[in-house]
Peer 1: 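First, the structure itself, so that you have it in front of you.
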Protein chains: 2
Amino acid sequence: MNAPIPTPRPRPDPETVATVTRALTERFGDRAVTGQAVREQHASTLTWVPNQPPDVVVYAHSTEEVQEIVRLCAAHRMPVVAFGTGTSLEGHVNAPYGGVSIDLMSMNRVLAVHAEDLDCVVQPGITRKALNEHLRDQGLFFPIDPGADASLGGMAATRASGTNAVRYGTMKDNVLALTAVLPNGDVVRTGSRARKSSAGYDLTRLMVGSEGTLGIITELTLRLSGIPEAISAGICPFPTIKAACDAVIVTIQSGLPVARIELLDEVQVAACNAYSKLGLPESPLLLLEFHGTDASVREQAERFGEIAAEYGGGPFEWATRAEERTRLWQARHDVYWAATALRPGAKVIATDVCVPISRLAECVDETKRDILDSGILAPIAGHVGDGNFHTSPLVMMDDADEIARVTGFIERLVQRAIAMEGTCTGEHGIGQKKMRFMEIEHGPEALDLMRTLKRSIDPDGIMNPGKVVAV
Amino acid sequence: MNAPIPTPRPRPDPETVATVTRALTERFGDRAVTGQAVREQHASTLTWVPNQPPDVVVYAHSTEEVQEIVRLCAAHRMPVVAFGTGTSLEGHVNAPYGGVSIDLMSMNRVLAVHAEDLDCVVQPGITRKALNEHLRDQGLFFPIDPGADASLGGMAATRASGTNAVRYGTMKDNVLALTAVLPNGDVVRTGSRARKSSAGYDLTRLMVGSEGTLGIITELTLRLSGIPEAISAGICPFPTIKAACDAVIVTIQSGLPVARIELLDEVQVAACNAYSKLGLPESPLLLLEFHGTDASVREQAERFGEIAAEYGGGPFEWATRAEERTRLWQARHDVYWAATALRPGAKVIATDVCVPISRLAECVDETKRDILDSGILAPIAGHVGDGNFHTSPLVMMDDADEIARVTGFIERLVQRAIAMEGTCTGEHGIGQKKMRFMEIEHGPEALDLMRTLKRSIDPDGIMNPGKVVAV
């Protein structure tokens, strides 16, 4: 494999660290923290990358404060890592070269809701659940829902999606504009509140998915959706993973506007039953949701029922009550934690890929076989309407042989997805762990272009170094 | 106004032009053309920028040929301008510094249709009508439809949209991946056929809307939609522009999934009646289309009828037959030509802005008043479901006073849209004519960031110089 080799970067020398830390402490008082526990918490990685703490953590309260911190770091060539809920899955918030972690979770206000324009302006630290809580009274919601109750800034930075993406798109489609602090300390506002624009380069989409390596997002204008008049959800078991995937393919191809169509394999169902105290049938399962008017929701559900039956699926059971639905989707969002509970003492290594929908059944099927052949435990769950699925191998971190088998399995999974014209990650992002797949997926020229962008915007490489692209 | 001042760039000296032309003629034979008529045709601008022809036009047949031409130009620091149908509206294809115009219209093949994945791969020279002709048998269509029968490469380059954008999005949302030749001659492939990805910087969206200033698009993977089971279209007159706009606002806010909702003011209706031989009622008019199943289309139409009635609109007349619908939408697409016919001898200066939908009625209303106050003739038409509208002042080019009044009017229109948190262009792009609004809209820092991107990817400024950003 022709992996890009990260240029070795020295950590800032102890004198620089001391100077910057002193300046931050003078300016921010007890909002600048150097205690080990806090530093380690800010390098939490829900994967197997070791904890690589920053030198200091600062809790920022405004765009101007973030700007001040970045300017200070720029002056001293000190790494800067933006931090939200710390729920990213590929080692995005680690500080392999030390530096300053800017904790944005105090910047969690809703600055404006423009109900008439179906948009709102928020600070980056608000979480998706808190935002939806805030919006509910106005009949609005923000549809992007990764598993964790992540912060909106982090969701934008990783180009997150979730269960509703098949209908509502991803963060790429739902961030109208944003404010970011660039590595040189400039504050840029990308985009307006207009629904569309052809006015120059798409800076919004440049920042969305850049994982804090090009700028730190300090404000977001988000596109909202109306809470549908009617919602119905249901579960539908299938005899095999392939039958379930085939039913998904036909559903999408027939243009049925499903809001959610999620797959759990029998291993993940068992995990969810145990963790979330559910009694789901322990076979490959699709979880569905339809949004619309009463009539259209009924029509969609009937059509899906017919498609499912063609592939031996069913019975299709409804969760019509709101509480039932909430419980079902909470269980879906908790798959990571359910997987964790499946094998006490093991670490969950969540990973995801995305393929064209026509290749989905084949890709999931081969992956299931690979799991068996590798002798590992790895539940599968996925936003299959997008061709996106996750698997979460459970690894005993003291078992070198198992680590090797899981490493090999993930390697093959990614190669399989790319060979099928897919991508090494549909929604988790690159972070530290998937950098080695960037050249395989994009080719050397496109990767070079990404490096050119990185170098031009962040010539000293201070922003989240060691992530996405090596410069 | 704090307009960016383009750095004066010398034209390549005659010797360089001769050298490059000789090399192109040797390599491409009669596909390299220096005749004045062809050169002037490749600088056609449907606006009031004077014709600025390139030194030579080359008809390219493949990505590799485009790469060869770009490499040659790069070696001689010769400007390169990509050319499609020449229907852009802000002086995008002019060659103010001379150079080579690469005509891509022979690259017009559909390379693959993946019906099962709702995507296709095309060359940049295919036009939207030719593509839809090709797709029809498979029950698929590509929804983006600017007024002209533009090429897909040009549509991507200008981030075009059209009448369907309110439901299907713009080029930003419907280009899954593309191949582009960079200024250094590298060929990059951005993205895969997966529906979504979090694998690194969004190079696709960087190229979409970059107007040939960062790379030349030589292949596109497009997202397709299924031709809806049921389509119904209709027209609805309103007593005033404001009443029509208010009805649009409520329609969008209520979440009605209209496929098209277009406004014509009474001046534009009269122009369309005359040009397209229609008998539309000569008052402010909404043209609508609904897509879905029979039941959902009926439901949507009923709801819209209720909303229209609240604002004094109606009667709502249906065009149920396919031919009637085609005629109606052809007339809509021909508004530019209809405007031209309104005042023989005048030049149509089409321009567009986009505002948050809540400001639409106010913005259109003020603009109508400004047209009256300015004593100019300027029909209004718009994709009002997005808050995007066009006006096309008709100018006698020998009337300096009229030119001054129209210039002032466009200036105020853009300032008005930006003041209402909108953008200086919703879909036409920046080209040459809107460069002076870039700093007002984006601010100096964001414009600087765009310049940084341009300089890093195209350090010698050879790609479509004098457009979008001045470097």
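Source: prediction; values computed, not measured. Each chain gets a letter, A, B and so on, in the order the sequences are listed, and its residues count up from 1.
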Peer 1: May I ask you to check whether A:Lys196 and B:Thr170 show a side-chain donor-acceptor distance below 3.5 Å?
Peer 2: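 The criterion, which ignores hydrogens and geometry beyond distance, is not satisfied for B:Thr170 and A:Lys196.
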Peer 1: Quick one: what part of B:Ala177 sits under 4.5 Å from any heavy atom of chain A, side chain, backbone, both or neither?
Peer 2: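 Neither part.
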Peer 1: Using only atom types and a distance under 3.5 Å, with no angle test, would you say the side chain of B:Ser296 pairs donor to acceptor with the backbone of A:Ser296?
Peer 2: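 Not at all, since once roles are kept as given, no pair shorter than 3.5 Å links the two residues.
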Peer 1: Given a strict heavy-atom distance threshold of 4.5 Å, which part of B:Ile430 is in contact with chain A: side chain, backbone, both, or neither?
Peer 2: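 For B:Ile430, the contact with chain A is made by backbone and side chain together.
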Peer 1: Using non-hydrogen atoms and a 4.5 Å limit, figure out which bit of A:Ile357 sits close to chain B: side chain, backbone, both or neither.
Peer 2: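 It is both, since atoms from each part get that close.
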Peer 1: Using non-hydrogen atoms and a 4.5 Å limit, figure out which bit of B:Val353 sits close to chain A: side chain, backbone, both or neither.
Peer 2: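 No part of it gets close to chain A.
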Peer 1: Given heavy-atom pairs under 4.5 angstrom as the criterion, report whether the side chain, backbone, both or neither of A:Val250 touches chain B.
Peer 2: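 No part of it gets close to chain B.
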Peer 1: Would you check if the side chain of A:Arg159 reaches a backbone N or O of B:Gly200 as a donor-acceptor pair within less than 3.5 Å?
Peer 2: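 Yes: the side chain of A:Arg159 pairs with the backbone of B:Gly200.
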Peer 1: So, B:Gln253 side chain and A:Glu116 main chain: donor-acceptor pair closer than 3.5 Å or not?
Peer 2: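 Side chain of B:Gln253 to backbone of A:Glu116: a pair is present.
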Peer 1: Heavy-atom distances under 4.5 Å only: say whether A:His442 touches chain B with side chain, backbone, both or neither.
Peer 2: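 For A:His442, heavy atoms of backbone and side chain both lie under 4.5 Å from chain B.
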Peer 1: Against chain B, label A:Arg189 side chain, backbone, both or neither, depending on which of its atoms sit under 4.5 Å from a heavy atom there.
Peer 2: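 The backbone, not the side chain.
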Peer 1: Given heavy-atom pairs under 4.5 angstrom as the criterion, report whether the side chain, backbone, both or neither of B:Asn388 touches chain A.
Peer 2: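 Contact with chain A: side chain only.
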Peer 1: Give the member of A:Gly429, A:Gly443, A:Gly255 that has the highest number of heavy-atom pairs under 4.5 Å with chain B.
Peer 2: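 Answer, by heavy-atom pair count under 4.5 Å with chain B: A:Gly429.
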Peer 1: Contact part of A:Ala417 toward chain B, heavy-atom cut-off under 4.5 Å: side chain, backbone, both or neither?
Peer 2: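 Neither; nothing under 4.5 Å.
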Peer 1: Between the main-chain N or O of A:Ser198 and the side-chain N or O of B:Thr425, is there a donor-acceptor pair closer than 3.5 Å?
Peer 2: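 Looks like no, no N/O pair under 3.5 Å.
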Peer 1: Please classify the contact of A:Arg298 with chain B as side chain, backbone, both or neither, using a heavy-atom distance under 4.5 Å.
Peer 2: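 For A:Arg298, neither part sits under 4.5 Å from chain B.
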Peer 1: Can you say whether A:Glu441 sits under 4.5 Å from chain B via the side chain, the backbone, both, or neither, judging by heavy atoms?
Peer 2: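 Looking at A:Glu441, just its side chain touches chain B.
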Peer 1: Answer with side chain, backbone, both or neither: which region of B:Asp202 has an atom nearer than 4.5 Å to a non-hydrogen atom of chain A?
Peer 2: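 B:Asp202 touches chain A through backbone and side-chain heavy atoms alike.
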Peer 1: Side chain from CB out, backbone as N, CA, C, O: work out which of these in A:Leu182 comes under 4.5 Å of a heavy atom of chain B, or both, or neither.
Peer 2: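 For A:Leu182, side-chain heavy atoms alone lie under 4.5 Å from chain B.
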Peer 1: Tell me, for A:Met207 versus chain B, whether the close heavy atoms (under 4.5 Å) come from the side chain, the backbone, both or neither.
Peer 2: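 Side chain only.
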Peer 1: Using heavy-atom distances under 4.5 Å, tell me whether A:Glu299 contacts chain B through its side chain, its backbone, both, or neither.
Peer 2: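 Looking at A:Glu299, just its side chain touches chain B.
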